[in-house]
Novice: 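Let me give you the structure first, and then I'll get to my questions.
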Amino acid sequence: MSGAPSAYAIDHLKIAPRRFYGRWLTAALILALMGLVINAFAHGQIEWKIVAQFMTAKVIMHGLVNTILMTIYAMAVGIVLGVVFAVMVMSPNPVVRGVAAFYIWFFRGTPLLLQMLLWFNLALVFPVLGIPGWFEARTVDVITPFVASLLGLGIGQGAYTAEVVRGGILSVDHGQTEAAKAIGMTRLTALRRIVLPQAMRVIIPPVGNEVISMIKLTSVASVIQFSEILHNAQTIYFANARVIELLIVATVWYLVVVTVFSIGQYFLEKAFSRQNAGGKS
Amino acid sequence: MSTPMIVAHEVQKYYGQFHALKGVSLDVAAGDVCCIVGPSGSGKSTFLRCINQLEAVDGGAIWIGDQLLGYRRRGELLVPLSDSEIARQRLWSGMVFQRFNLFGHMTALQNVMEGPVAVQKRRRAEVREEAMALLARVGLAGRADAYPTELSGGQQQRVAIARALAMRPKLMLFDEPTSALDPELVGEVLAVMKDLARSGMTMIVVTHELGFAREVSNRVVFMDGGQVLESGTPGQILSRPQHPRTQEFIAAILA
């Protein structure tokens, strides 16, 4: 009220800059540690020239392509099976529900490596596959390392994705299904046209994570001779004994692929959250 | 009195041990606007959901025209209908929910078009024209491309009414259509419903809006404890209720 400056007014005072002593200290510490590690690697028994030489070797490139392709195929199989079994496990039909529950229980309950070995050795149980008199083939010709890897990775992934999809379906408000039924949709039409599209917002982020896991999981297929990048790196070091150098090559490529896919995941999630701007019921 | 369009005969409904409907009987003729009023938990919404088969009836029967809901009669046997047969029976009626339940991933126009296109398999161009006319009828021609989250509650509910009408139902069911709305938005939804009633649509409306019931309906039913306690003209039920529970309820609402 009065013209005299109030003792409560502080706008004329300066704010002193905050000091971040902790940040400087940790940065210095980390730099020192990194220096030690880099120095150790630089003077260790690693021929960096060989790492560079094999980085783009033909066999490594071939393995890289196989790793990426297997990731894509296995995830495609996994997502299709995941959606199918998620819908089955929520079916009112107890037989269908039982089959789906068994699938999820079995393939989540056994190690991936074991499943792959089982697929790969299927010929020991069934030497011939097919329907007699209609179509037959020797199992060893059908179940190649590629097919065994795809079956192991894809079917196993389906069991996990089924749970993710089920969670997504449950996240959609039940009123959406009721409204769909009220305009004459059957249960499955409502699921396909109304519920699943809205469940995507919840399904996409964890499935994106699983794609990242799958890139690395494909390395397990090296055990059954599928020529992905780790398998090919091993093949080279069995011949030239440059074990660490080739493992570093594989490490670098895995990091590159994971980084690229992570960026893709970021944009996919952004696109989906925008598309579903009206996703709340 | 003309032949009734809907006949509910001694309808029973249980949720586990809870006896939600204790023999509800009601008949509604074509062109009737029937309001069901009563305290919450009285079973009025449950009864409405039974008419649309969102709930299965545990006893008694509901008929629409000469069709028995949910079953086919074969001699002395009642054979339950399949999922798709029940879906077909639902085409008789359109339903408007308390919480709107617009499809969240679709615009207002897509919401209205979804039923005719996906269920009735009608031509998209023709459906679009009709859907735009329906949106205009509920006063939302300008918001056709808006998603539900971009609309107010009253606007969402009007789109929901247009969505139900797009299926060309013979009967409209309203389940407390204004209960989830801010007070200033109630009027716009009631106005659309009044317009619909005047056009001759058969309507069953579960509501707390006694003013609407008095002005628009020709039948008022009072339910409490899973039973119909009293029914008659709006004047009889709202102005001169006979049953003490009805008197109490009306007095409490008007107080």
Side-chain angles (χ1 to χ4, degrees), chain A residues 83-84 86-97 100 165 167-205 207 268-281, chain B residues 48-49 51-55 81-108 110-121 145-151 156 159-160 162-169 172-175 180:
Chain A
V83 171
V84 169
V87 170
M88 282 173 70
V89 95
M90 299 175 95
S91 161
N93 179 337
V95 178
V96 168
R97 214 164 51 221
V165 174
I169 290 173
L170 289 176
S171 78
V172 177
D173 180 44
H174 189 61
Q176 296 285 308
T177 307
E178 292 195 338
K181 283 184 173 174
I183 56 168
M185 287 192 188
T186 59
R187 194 181 64 85
L188 285 178
T189 310
L191 197 61
R192 184 168 52 82
R193 295 195 57 103
I194 306 300
V195 177
L196 272 177
Q198 296 187 77
M200 288 315 270
R201 208 164 28 107
V202 175
I203 293 172
I204 292 274
V207 167
L268 189 68
E269 272 178 37
K270 240 176 89 167
F272 253 92
S273 63
R274 200 175 328 117
Q275 191 189 324
N276 275 305
K280 211 179 116 277
S281 63
Chain B
L48 200 69
R49 293 165 61 82
I51 297 176
N52 209 17
Q53 301 193 63
L54 289 174
E55 304 286 347
L81 296 181
S82 71
D83 190 30
S84 56
E85 285 168 323
I86 289 176
R88 217 166 302 137
Q89 279 191 337
R90 284 204 185 96
L91 297 179
W92 268 87
S93 56
M95 179 125 176
V96 175
F97 298 87
Q98 184 179 352
R99 310 248 15 255
F100 331 134
N101 296 344
L102 287 185
F103 304 134
H105 59 310
M106 297 180 183
T107 62
Q110 288 169 332
N111 263 280
V112 179
M113 290 175 64
E114 179 66 8
V117 169
V119 178
Q120 295 175 326
K121 313 281 182 203
D145 294 323
Y147 282 92
T149 45
E150 299 162 353
L151 297 171
Q156 288 189 54
V159 173
R163 175 176 69 181
L165 290 175
M167 300 299 289
R168 298 171 177 164
M172 284 287 283
L173 306 170
F174 292 85
D175 186 8

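Chain naming here is simple, since letters A, B, ... match the order of the sequence lines and numbering starts at 1 in each. Since we're looking at a predicted model, the values are computed, not measured. For the numbers below, each heavy atom of this structure counts, side chains included, while hydrogens, waters and symmetry mates do not.
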Novice: Which bit of B/Ser93 is near chain A, if near means a heavy-atom gap under 4.5 Å: side chain, backbone, both or neither?
Specialist: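 Backbone of B/Ser93 only, per the 4.5 Å heavy-atom cut-off to chain A.
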Novice: Should A/Arg193 and B/Glu114 count as an ion pair when the cut-off is N to O under 4.0 Å?
Specialist: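 Here A/Arg193 pairs with B/Glu114 in a salt bridge, since their nearest N and O are under 4.0 Å apart.
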Novice: Looking at B/Asn101 and A/Gln176, would you say the former's side chain and the latter's main chain have a donor-acceptor pair under 3.5 Å?
Specialist: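 Not at all, since once roles are kept as given, no pair shorter than 3.5 Å links the two residues.
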Novice: What is the minimum heavy-atom distance between B/Val119 and A/Met185, and which atoms define it?
Specialist: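 Closest approach of B/Val119 to A/Met185, heavy atoms only: CG2-CG, 3.6 Å.
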Novice: Which one wins on heavy-atom pair count under 4.5 Å against chain B: A/Val172, A/Thr186, A/Thr189?
Specialist: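 Among the listed options, the one with the most contacts to chain B is A/Thr186.
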Novice: Taking atom types as modelled, is there a side-chain donor on B/Thr107 or B/Asp145 under 3.5 Å from an acceptor on the other?
Specialist: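 Note: B/Thr107 and B/Asp145 side chains miss the donor-acceptor criterion.
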Novice: Could you tell me which of B/Ala118, B/Gly115, B/Gly94, B/Ala160 has the largest number of non-hydrogen atom pairs under 4.5 Å with chain A?
Specialist: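 Heavy-atom pairs under 4.5 Å are most numerous for B/Ala118.
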